Asks: 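Could you have a look at this structure, given as structure tokens, before my questions?
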Amino acid sequence: MINFTQLVLASHNAGKLKELQAMLGDSVQLRSIGEFSQVEPEETGLSFVENAILKARNAARISGLPALADDSGLAVDFLGGAPGIYSARYADGKGDAANNAKLLDVLKDVPEAERGAQFVCVLALVRHAEDPLPILCEGLWHGRILNEASGEHGFGYDPLFWVPERDCSSAELSPGDKNQISHRARAMDLLRQRLGLK
Ligand SMILES: O=c1nc[nH]c2c1ncn2[C@H]1C[C@H](O)[C@@H](COP(=O)(O)OP(=O)(O)OP(=O)(O)O)O1
Ligand SMILES: [Mg+2]
């Protein structure tokens, strides 16, 4: 069993760091790749898995530490799974508010029954940059896209994502509640099992 006490998180997204560190607890310290480099790798893969591995390898190479990457996004049924791996770049890199505005606009005449969507999270863990056997864990979270933003917590598309099991938006959940049930929580649960942390 590999014993990780320090991992570099291959992400420049502060929301992910907060959530993943809260899920891991004190046994593993996540260090942000921002401590080592501000340069973000180009996400050239065609799948969440490819982009997660690419980001993890890049962070391991730069930091010299084992690296965890999170590639995630929102797959909207009506849009055939878009924006998917392009979720962060949906409004051409203009950020979360612009991404959300674009999604609301694209779906503006779509009825509730056709607004189903999933958050997707793939976690990739590599022991070093050339690791031939990355650990991969996936989590999905089913919900639907609201007609307007609601809630202040979380990040990204959280204000637009209706969570049926809680009858509120993902941004209306407390951070602790979101971390129990989200796509990221499900992927992290599998990762902890794989690492023997539970
Ligand atoms: O729990 C979530 N709640 C709301 N939105 C979320 C969530 N999880 C992913 N998302 C959205 C944010 C971003 O639009 C895209 C991830 O894109 P993704 O490339 O994986 O992350 P990123 O560019 O923000 O940071 P980085 O690549 O440095 O890890 O999906
Ligand atoms: Mg990204």
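Values below: all heavy atoms of this structure, side chains included; hydrogens, waters and symmetry mates excluded. Computed from a predicted structure; not experimentally measured. Note that ligands are numbered from 1 as they come in the structure, with each ligand's atoms numbered from 1 the same way.
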Asks: Considering only the protein, which heavy-atom contact is closest to atom 23 (O) of ligand 1, and what is its distance?
Replies: A88 CB, 3.7 Å

Asks: Hey, are the side chains of Q118 and H183 touching, using non-hydrogen atoms and a 4.5 Å cut-off?
Replies: no

Asks: Would E19 count as a polar contact of ligand 1, with the cut-off being nitrogen or oxygen pairs under 3.5 Å?
Replies: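 It does not: no N or O of E19 is found under 3.5 Å from an N or O of ligand 1.
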
Asks: Restricting to non-hydrogen atoms, name the atom on R115 and the atom on V110 that form the minimum distance, rounded to 0.1 Å.
Replies: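 Minimum heavy-atom separation between R115 and V110: NH1-O, 3.0 Å.
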
Asks: Taking only heavy atoms of D71, which atoms of ligand 1 are found under 4.0 Å from at least one of them?
Replies: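 Numbered from 1, ligand 1 contributes 18 (P), 19 (O), 20 (O).
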
Asks: With heavy-atom distances below 4.0 Å as the criterion, list the atoms of ligand 1 near S11.
Replies: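 Checking each atom against S11, I get 25 (O), 26 (P), 28 (O), 29 (O).
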
Asks: Run down the list Y86, F161, F155, W141 and name the one with the heavy atom closest to atom 7 (C) of ligand 1.
Replies: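 Nearest option to atom 7 (C) of ligand 1, by heavy atoms: F155.
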
Asks: Between D96 and ligand 1, is there a nitrogen or oxygen pair with a distance under 3.5 Å?
Replies: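 No; every N/O pair is 3.5 Å or more apart.
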
Asks: Can you find a heavy atom in the side chain of R184 that is under 4.5 Å from one in the side chain of L20?
Replies: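 A side-chain contact exists here, since the closest heavy-atom pair is under 4.5 Å.
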
Asks: Would H183 count as a contact of ligand 1 if the rule is a heavy atom under 4.0 Å away?
Replies: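 Contact check H183 vs ligand 1: positive.
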
Asks: Taking non-hydrogen atoms only, is F119 closer than 4.0 angstrom to ligand 1 via side chain, backbone, both or neither?
Replies: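 For F119, the contact with ligand 1 is made by the side chain alone.
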
Asks: Does a side-chain heavy-atom distance below 4.5 Å link D167 with W162?
Replies: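 Result yes, sub-4.5 Å side-chain heavy-atom pair found.
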
Asks: Under 4.0 Å, counting heavy atoms only: does G154 come that close to any atom of ligand 1?
Replies: no

Asks: Examine distances only and state if a side-chain atom of Q193 and a backbone atom of L197 form a donor-acceptor pair shorter than 3.5 Å.
Replies: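 A pair under 3.5 Å: no.
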
Asks: Quick check for you: to the nearest 0.5 Å, what is the distance between L9 atom CG and K55 atom NZ?
Replies: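 Result: 9.0 Å between the selected atoms.
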
Asks: So, S72 versus D70: side-chain donor-acceptor pair below 3.5 Å or not?
Replies: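 Note: S72 and D70 side chains meet the donor-acceptor criterion.
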
Asks: Rounded at 0.5 Å granularity, tell me how far CE in M188 sits from CG in L68.
Replies: 5.5 Å

Asks: Pull out every atom of ligand 1 sitting under 4.0 Å from any heavy atom of D70, numbered as shown with elements.
Replies: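 Counting from 1, the qualifying ligand atoms are 20 (O), 29 (O).
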
Asks: In terms of residue, atom name and distance, what is the protein heavy atom nearest to atom 30 (O) of ligand 1?
Replies: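 Checking every protein heavy atom, the shortest distance to atom 30 (O) of ligand 1 gives G73 CA, 3.3 Å.
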
Asks: Just which atoms of ligand 1 are under 4.0 Å from any heavy atom in N13?
Replies: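 So the atoms of ligand 1 that pass are 24 (O), 25 (O).
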
Asks: Quick check on contacts: which atoms of ligand 1 are under 4.0 angstrom from a heavy atom of K55?
Replies: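 Per the distance check, 18 (P), 19 (O), 20 (O), 26 (P), 27 (O), 29 (O).
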
Asks: For the Mg ion (ligand 2), does an N/O/S atom of E43 lie at less than 2.8 Å?
Replies: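 Coordinating: yes.
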
Asks: Counting both backbone and side chain atoms, is some N or O of E40 under 3.5 Å from an N or O of ligand 1?
Replies: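 No, no N or O pair falls under 3.5 Å.
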
Asks: Looking only at distances, can you tell me whether any N or O atom of N99, backbone or side chain, sits closer than 3.5 Å to an N or O atom of ligand 1?
Replies: no

Asks: Pull out every atom of ligand 1 sitting under 4.0 Å from any heavy atom of D158, numbered as shown with elements.
Replies: 2 (C), 3 (N), 4 (C)

Asks: CG/L79 to CG/L107 distance, rounded to the nearest 0.5 angstrom?
Replies: 5.0 Å

Asks: Taking 4.0 angstrom as the limit and counting only heavy atoms of S87, give me the atoms of ligand 1 inside it, by number and element.
Replies: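 Every atom of ligand 1 under 4.0 Å from some heavy atom of S87: 14 (O), 15 (C), 30 (O).
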
Asks: Determine whether L74 and L103 make a side-chain contact, defined as any pair of heavy atoms from C-beta on separated by less than 4.5 Å.
Replies: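 SC-SC contact between L74 and L103 confirmed.
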
Asks: At what distance is the nearest protein heavy atom to atom 9 (C) of ligand 1, and which residue and atom is it?
Replies: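 The closest heavy atom on the protein side is S72 OG, 3.2 Å.
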
Asks: Could you tell me which atoms of ligand 1, counted from 1 in the order shown, lie closer than 4.0 angstrom to a heavy atom of K178?
Replies: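 The list of qualifying atoms is 1 (O), 2 (C), 3 (N).
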
Asks: Are any non-hydrogen side-chain atoms of H153 and L173 less than 4.5 angstrom apart?
Replies: no

Asks: Tell me, do P175 and E19 make a side-chain contact under 4.5 Å, heavy atoms counted?
Replies: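 Counting from C-beta outward, P175 and E19 never come under 4.5 Å.
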
Asks: Tell me: protein heavy atom nearest atom 11 (C) of ligand 1, and distance?
Replies: Y157 CD1, 3.8 Å

Asks: Is it true that L74 lies under 4.0 Å from ligand 1, counting heavy atoms only?
Replies: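 No; L74 lies far enough from ligand 1 that no heavy-atom distance drops under 4.0 Å.
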
Asks: Below 4.5 Å, heavy atoms only, C-beta onward: do S182 and M23 meet side chain to side chain?
Replies: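 SC-SC contact between S182 and M23 confirmed.
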
Asks: Taking C-beta and beyond as the side chain, do I33 and H12 meet within less than 4.5 Å on heavy atoms?
Replies: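 Yes. Closest side-chain heavy atoms under 4.5 Å.
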
Asks: Of the listed options (E43, K16, H12), which comes nearest to atom 20 (O) of ligand 1 when hydrogens are ignored and any heavy atom counts?
Replies: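 Nearest option to atom 20 (O) of ligand 1, by heavy atoms: K16.
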
Asks: Please report which non-hydrogen protein atom sits nearest to atom 8 (N) of ligand 1, along with the residue it belongs to and the distance in Å to one decimal place.
Replies: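 Here the closest protein heavy atom is R184 NH2, 2.9 Å.
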
